[in-house]
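Notes follow once the structure below has been shown.
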Number of protein chains: 2
Amino acid sequence: MNTQSRRQREFEQREKLFLDTARNIIRQEGISALTMDKIAEQTEYAKGTVYKHFSCKEDILCGLCLDSLGLMYEMFQQSLTWEGNSREKIICIGVGYQLYTQHFPEEFDLLIAARTNNIREKASPERLERMDQVDTLVMNAIRAVIQLAIQSGDLTLKQGTRIDDLCLGLWAMSFGMLVLDSARDLITGLELSETNALLLNQMSCLLDGYQWHPLSTEYDYHTTYKNTFQHLEKLLAKD
Amino acid sequence: MNTQSRRQREFEQREKLFLDTARNIIRQEGISALTMDKIAEQTEYAKGTVYKHFSCKEDILCGLCLDSLGLMYEMFQQSLTWEGNSREKIICIGVGYQLYTQHFPEEFDLLIAARTNNIREKASPERLERMDQVDTLVMNAIRAVIQLAIQSGDLTLKQGTRIDDLCLGLWAMSFGMLVLDSARDLITGLELSETNALLLNQMSCLLDGYQWHPLSTEYDYHTTYKNTFQHLEKLLAKD
DNA sequence: TCATAGTGTGACGTTTCGTCACATTTTCAT
DNA sequence: ATGAAAATGTGACGAAACGTCACACTATGA
């Protein structure tokens, strides 16, 4: 009975060890340097043991994404507690997303890659399933703020628009901006404002378009942005 | 002299043959089934010859993306000629983007993957360079419409916002929506409107937020959407 | 007609993957 | 304490794919 749970615990610890090692290799040498043999060697386990945990290399990548998503979820939960009106809470979530991508560019890169068939074709169904679940949790965090906004009267959905449409819209805008911005040096010849102003401005326009009150003309969200930024940055620094 | 140019032509034709073959393999068997040996075998050339054209597998993927981007650019150029106000032109571009992703999901998948270090770490610098160039062309198409809108008085940029910020915002929203939507079945538990309405609604809100006239309250863009959709779909059907 | 430059080839060495039969350790009933 | 059985860990191995390169073949033009 007791040994059962100990075994389980050891198994989970080892899984964590493998993932941490993989993460380090990617951070230090890039994703193409990640091999199963290297993970085995650095952890001083045999390759077969690694395969007891992960069905293939892509499965490990998804495992790393799962960790990332979990971290992101925690941060989003933090954002929900931010004191302020509903729009400020949404901004706080956006800032969290942005900070995350800036602190963990490699992980974000993986998150993008994991939306790609390249990876999904190979990863194990179980882990893909788990990723969906965390995805849903993250979505729920956003959904909660939207519902709050509707309840408090800050937001009235237009005819034919659903809550989840808005969820996806906000997510899409943030995701898109961060993907494109993370590859900003690729897009040569673009004359952009500085990164931080970019996301806030675009989100402000979108939220104004939704008629989510108070509008950016009625309220100073730059201050909100600065404050949430500092707040969340402190949280991140703890790691 | 003459033989020179003939050689050159033959070389380009063969490159196209390799790419077409690769595309077919991906479409039929998925990206993980793509191997250099398979391309060589199917084209009845030796592997060494394939490597005369592409430095590695990832380079081929980028080659496919280049083709995709070229096609997209052509479609965007078409959109610029759409008769209507500046907002309708932007919508036409968005619709083009959407149709593209729906018609060529595999290619779109590659476009996403090609923004990832996974691929970029390995592809040849020359081809990455060329991709940037086409990226820039595509951006220019969007930029042109924004400039038109400003000139015609439909749009006035807010203080501190640049044309390229708006470019990126529009691109980000569309890209984000299409990425997330292309993986829509992943995000279980989401209750979304149908795909087509989604992008239009979100773009409408964003454009309203920019105060890009005529606003969606003053003009029926659903009709525009339908018309542009049909128009571009005909163009695509020609292939 | 033949020397030469240019082009194409596929066998080969290397890397990495993923497997599996066997070795080692742990457990638990006696 | 002991040993049989169950659980766990190992790493040698075969297969698959990559990318290279010395050589073979072909085209060119003097």
Side-chain angles (χ1 to χ4, degrees), chain A residues 1-19 21-22 25-26 29-64 113 118-127, chain B residues 1-19 21-22 25-26 29-64 113 118-127:
Chain A
M1 209 63 243
N2 212 341
T3 51
Q4 265 282 321
S5 71
R6 199 205 69 222
R7 281 267 167 83
Q8 183 63 20
R9 213 171 49 241
E10 282 175 357
F11 190 83
E12 278 159 17
Q13 274 174 4
R14 203 168 49 216
E15 182 142 326
K16 191 172 174 315
L17 174 66
F18 288 147
L19 286 177
T21 308
I25 294 174
I26 291 178
E29 307 173 55
I31 195 168
S32 44
L34 184 74
T35 70
M36 299 306 255
D37 290 279
K38 209 176 259 179
I39 294 172
E41 194 193 353
Q42 289 195 13
T43 55
E44 299 184 310
Y45 278 95
K47 194 158 49 149
T49 310
V50 183
Y51 276 97
K52 285 261 155 62
H53 291 259
F54 303 97
S55 68
C56 62
K57 193 170 149 178
E58 284 70 21
D59 210 31
I60 291 189
L61 297 182
C62 286
L64 289 173
N118 212 336
I119 307 282
R120 298 186 71 92
E121 274 178 8
K122 296 188 196 161
S124 73
E126 295 77 31
R127 214 169 297 267
Chain B
M1 212 60 243
N2 213 342
T3 51
Q4 265 283 319
S5 71
R6 200 205 67 224
R7 283 268 168 82
Q8 182 64 21
R9 213 170 51 240
E10 283 174 356
F11 189 83
E12 278 159 18
Q13 275 173 4
R14 203 168 47 215
E15 182 142 325
K16 193 173 174 315
L17 173 66
F18 288 146
L19 286 177
T21 307
I25 295 174
I26 290 179
E29 307 172 55
I31 195 168
S32 43
L34 184 74
T35 69
M36 299 306 255
D37 290 279
K38 209 176 258 178
I39 294 172
E41 194 193 354
Q42 288 194 15
T43 54
E44 299 185 309
Y45 279 95
K47 196 158 49 147
T49 310
V50 182
Y51 276 96
K52 285 263 157 56
H53 291 258
F54 303 97
S55 69
C56 62
K57 194 170 150 177
E58 284 71 20
D59 210 31
I60 291 188
L61 296 181
C62 287
L64 289 173
N118 213 335
I119 307 281
R120 298 186 70 93
E121 274 180 7
K122 298 188 195 161
S124 72
E126 296 77 32
R127 215 169 296 268

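Remember, it's a predicted structure, so these values are computed and weren't measured experimentally. Chain naming here is simple, since letters A, B, ... match the order of the sequence lines and numbering starts at 1 in each. We use all heavy atoms of the structure for the numbers below, so side chains are in, but hydrogens, waters and symmetry mates are not.
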For residues [X] and [Y], report the shortest heavy-atom separation together with the two atoms involved.
{"X": "A:Ile119", "Y": "A:Cys62", "answer": "CG2-SG, 3.9 Å"}
{"X": "B:Met36", "Y": "B:Val50", "answer": "CE-CG1, 4.1 Å"}
{"X": "B:Ser55", "Y": "B:Lys122", "answer": "OG-O, 4.5 Å"}
{"X": "A:Ala22", "Y": "A:Ile60", "answer": "CB-CG2, 3.9 Å"}

In whole Å, what is the span from the [atom1] atom of [X] to the [atom2] atom of [N]?
{"X": "B:Lys38", "N": "D:dC18", "atom1": "NZ", "atom2": "P", "value": "10 Å"}
{"X": "A:Phe18", "N": "D:dG9", "atom1": "CZ", "atom2": "P", "value": "9 Å"}
{"X": "A:Asp37", "N": "D:dC13", "atom1": "CG", "atom2": "C1'", "value": "13 Å"}
{"X": "A:Lys122", "N": "C:dG18", "atom1": "NZ", "atom2": "P", "value": "7 Å"}
{"X": "A:Met36", "N": "D:dG11", "atom1": "CE", "atom2": "C1'", "value": "15 Å"}
{"X": "A:Gln13", "N": "D:dG9", "atom1": "CD", "atom2": "P", "value": "13 Å"}
{"X": "A:Glu12", "N": "D:dT8", "atom1": "CD", "atom2": "P", "value": "13 Å"}

Listed pairs, N/O of protein and of nucleotides 24-26 of chain D, under 3.5 Å:
none

Quiz prompt | Residue pairs fulfilling salt bridge (Lys or Arg N to Asp or Glu O under 4.0 Å) with at least one residue in residues 39-57 of chain B, sequence neighbours excluded | solution = B:Asp37-B:Lys47
Quiz prompt | side-chain N/O A:Arg14 vs D:dG9 OP1/OP2, d < 4.0 Å | solution = yes
Practice problem: Taking only the side-chain nitrogens and oxygens of B:Arg7, find out if one of them lies under 4.0 Å from OP1 or OP2 of C:dG6. | Solution: no
Quiz prompt | Nucleic acid contacts of residues 52-59 of chain A, taken as heavy-atom distances under 4.0 Å to DNA chain C | solution = A:Cys56, A:Lys57
Exercise. Using heavy atoms and a sub-4.0 Å distance, could you list which residues of residues 39-49 of chain A are near DNA chain C? By number, please.
Key: A:Lys47
Quiz item: Just by distance, with hydrogens left out, do B:Ser32 and A:Glu121 show a side-chain donor and acceptor under 3.5 Å apart?
Solution: yes
Quiz item: Would you call A:Phe11 and A:Arg7 a side-chain contact if the rule is heavy atoms closer than 4.5 Å?
Solution: no
Quiz item: If we only count heavy atoms from C-beta on, is the B:Leu61 to B:Ile31 side-chain gap below 4.5 Å?
Solution: yes
Exercise. Please identify each residue that fulfils ring pair (Phe, Tyr, Trp, His ring centres under 6.0 Å) with A:Tyr51, with sequence neighbours left out.
Key: none
Quiz item: Which residues pass the ring pair (Phe, Tyr, Trp, His ring centres under 6.0 Å) test with B:Tyr45, sequence neighbours left out?
Solution: B:Phe18
Quiz item: What distance separates A:Glu10 CD from A:Glu12 CD, expressed to the nearest 0.5 Å?
Solution: 11.0 Å
